[in-house]
Amino acid sequence: MAGQVPLADVMAHLHRDRPVFHSEADLQHSFARALWELAPAIRSRLEVPQRTADRTERLDLLCIGPSARTAIEFKYPTRAWKGTAGSPVEDFALRDHGAPDVARRDYVFDMARLERFCERPGQNGLSLLLTNEPSLWTPPRPRSTQSRDHHFRIHQGRELTGQLLWGKGDYAANTRTLRGAYRLDWQPYSRQAGPGGEFRYLAAFTAPHRQPSLPPHPPRQPDVDAAAHTTP
């Protein structure tokens, strides 16, 4: 993270006091604080504009270290869960977001956005999803017809790369092309009492984009005509 601390250390530190979050915004702020506690040299900025020639998008969190940066997009889709957790102890009533296909799509959208945002040298990206929805990390059951989000599946062990179509490609607005290859590996985060009490996270890092190097210039040939007319 910003060249200073491994993500696993941040998540372990975060889990100590915050095993559950009220919302995605709560997760963003808590993550930024945990990162600062572990690596005070990193400066965190929320909702940072990313401007291009034709539009402006907002990045959830930009982590600025002394020699490197990490751009982060967060997702926190949940299923219904009620309970107490954390230090200090808090009451939680998570709502059921439903639509896991949309959650998958939005996570892939974040990956594609971060590939655009990481054009800057020394800046990598992190797509971070935390959830208690098991259908997101569980491989799908065999079926006779392909689901519309088949290319966007993010279960354990899946690799995402290249062009990803929504359905049969009949909804072009959802098509995304990833230049990197991402092997997905879910990690445990916390386990709470009752149905929906297991939380896992998925992290995919985007490497800084490297422009193709230009071939070296061929050695300059002497000007034959000029050489022929040079006075000895």
Side-chain angles (χ1 to χ4, degrees), residues 1 5 7-38 42 44-48 57-63 70-111 113-114 125-141 147-149 152-156 158 166 174 184-204:
M1 301 293 304
V5 60
L7 173 64
D9 291 359
V10 180
M11 299 304 288
H13 186 76
L14 188 60
H15 161 265
R16 186 184 63 189
D17 295 329
R18 298 301 314 275
V20 184
F21 301 91
H22 296 286
S23 64
E24 187 175 297
D26 184 23
L27 169 60
Q28 293 173 13
H29 283 84
S30 300
F31 185 97
R33 179 177 178 84
L35 183 60
W36 177 79
E37 289 173 348
L38 286 175
I42 297 177
S44 295
R45 304 290 183 259
L46 292 162
E47 296 295 319
V48 180
E57 301 175 84
R58 291 195 174 272
L59 174 68
D60 286 345
L61 183 67
L62 179 62
C63 306
T70 298
I72 307 178
E73 290 288 325
F74 295 89
K75 286 291 179 284
Y76 186 55
T78 58
R79 62 178 292 188
W81 181 79
K82 289 185 178 181
T84 59
S87 178
V89 175
E90 298 180 64
D91 294 325
F92 291 86
L94 302 183
R95 70 185 184 93
D96 189 352
H97 285 91
D101 56 341
V102 174
R104 298 181 187 103
R105 181 202 66 184
D106 290 348
Y107 184 70
V108 172
F109 279 13
D110 280 352
M111 297 170 76
R113 293 176 76 230
L114 286 170
L126 169 61
S127 308
L128 182 63
L129 185 152
L130 176 64
T131 187
N132 64 336
E133 175 51 72
S135 66
L136 295 179
W137 65 70
T138 305
R141 296 177 180 175
S147 64
R148 64 176 181 168
D149 66 333
F152 290 75
R153 290 277 177 166
I154 57 173
H155 52 269
Q156 175 66 27
R158 178 78 192 279
W166 188 259
N174 280 0
L184 305 182
D185 185 20
W186 287 83
Q187 298 296 318
Y189 183 69
S190 74
R191 186 178 289 274
Q192 309 303 313
E198 181 181 5
F199 289 78
R200 299 187 188 186
Y201 72 90
L202 176 62

Check against ring pair (Phe, Tyr, Trp, His ring centres under 6.0 Å), Trp166 and Phe152: CA-CA 8 Å; Trp166 188 259; Phe152 290 75; 5.3 Å; yes
side-chain contact (heavy atoms from CB on, under 4.5 Å) between Met1 and Ile72, worked out: CA-CA 10 Å; Met1 301 293 304; Ile72 307 178; 3.4 Å; yes
From CD1 (Ile154) to CG (Leu129), nearest 0.5 Å: 5.0 Å
Report yes if some heavy atom in the side chain of [X] is under 4.5 Å from a heavy atom in the side chain of [Y]; otherwise report no.
X      : Y      : result
Leu62  : Ser44  : no
Asp60  : Glu24  : yes
Arg95  : Arg79  : no
Trp137 : His155 : no
Phe74  : Phe31  : yes
Val48  : Leu61  : no
Leu94  : Tyr76  : yes

Donor on one side chain, acceptor on other, Thr131 and Glu133, under 3.5 Å: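 Side chains of Thr131 and Glu133: no pair found under 3.5 Å.
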Donor + acceptor pair across side chains of Glu198, Asn132 (<3.5 Å):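 No - no donor-acceptor pair under 3.5 Å links their side chains.
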Stepwise side-chain contact (heavy atoms from CB on, under 4.5 Å) check, Trp81 with Gln192: CA-CA 9 Å; Trp81 181 79; Gln192 309 303 313; 3.4 Å; yes
Salt bridge (Lys or Arg N to Asp or Glu O under 4.0 Å) evaluation trace for Asp149 with Arg105: CA-CA 7 Å; Asp149 66 333; Arg105 181 202 66 184; over 6 Å; no
Derivation of the side-chain hydrogen bond (donor to acceptor under 3.5 Å, both in side chains) call for Gln187 and Asp185: CA-CA 7 Å; Gln187 298 296 318; Asp185 185 20; 3.0 Å; yes
Working for side-chain contact (heavy atoms from CB on, under 4.5 Å), residues Thr78 and Asp96: CA-CA 6 Å; Thr78 58; Asp96 189 352; over 6 Å; no
His29 atom NE2: more than 12 heavy-atom contacts under 6.0 Å: no
Neighbour count above 12 (heavy atom, 6.0 Å) for Arg33 CZ: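 12 or below, so no.
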Residues Lys82, Asp91: salt bridge by 4.0 Å N-O rule: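 No, no charged N to carboxylate O under 4.0 Å.
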Smallest separation among heavy atoms of Ser30 and Leu14, with atom names: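 For Ser30 versus Leu14, the nearest heavy atoms are O-CD1, 3.4 Å.
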Test log, rule salt bridge (Lys or Arg N to Asp or Glu O under 4.0 Å), inputs Asp106 and Lys75: CA-CA 8 Å; Asp106 290 348; Lys75 286 291 179 284; 5.8 Å; no
side-chain contact (heavy atoms from CB on, under 4.5 Å) assessment of Val20 paired with Tyr189: CA-CA 9 Å; Val20 184; Tyr189 183 69; over 6 Å; no
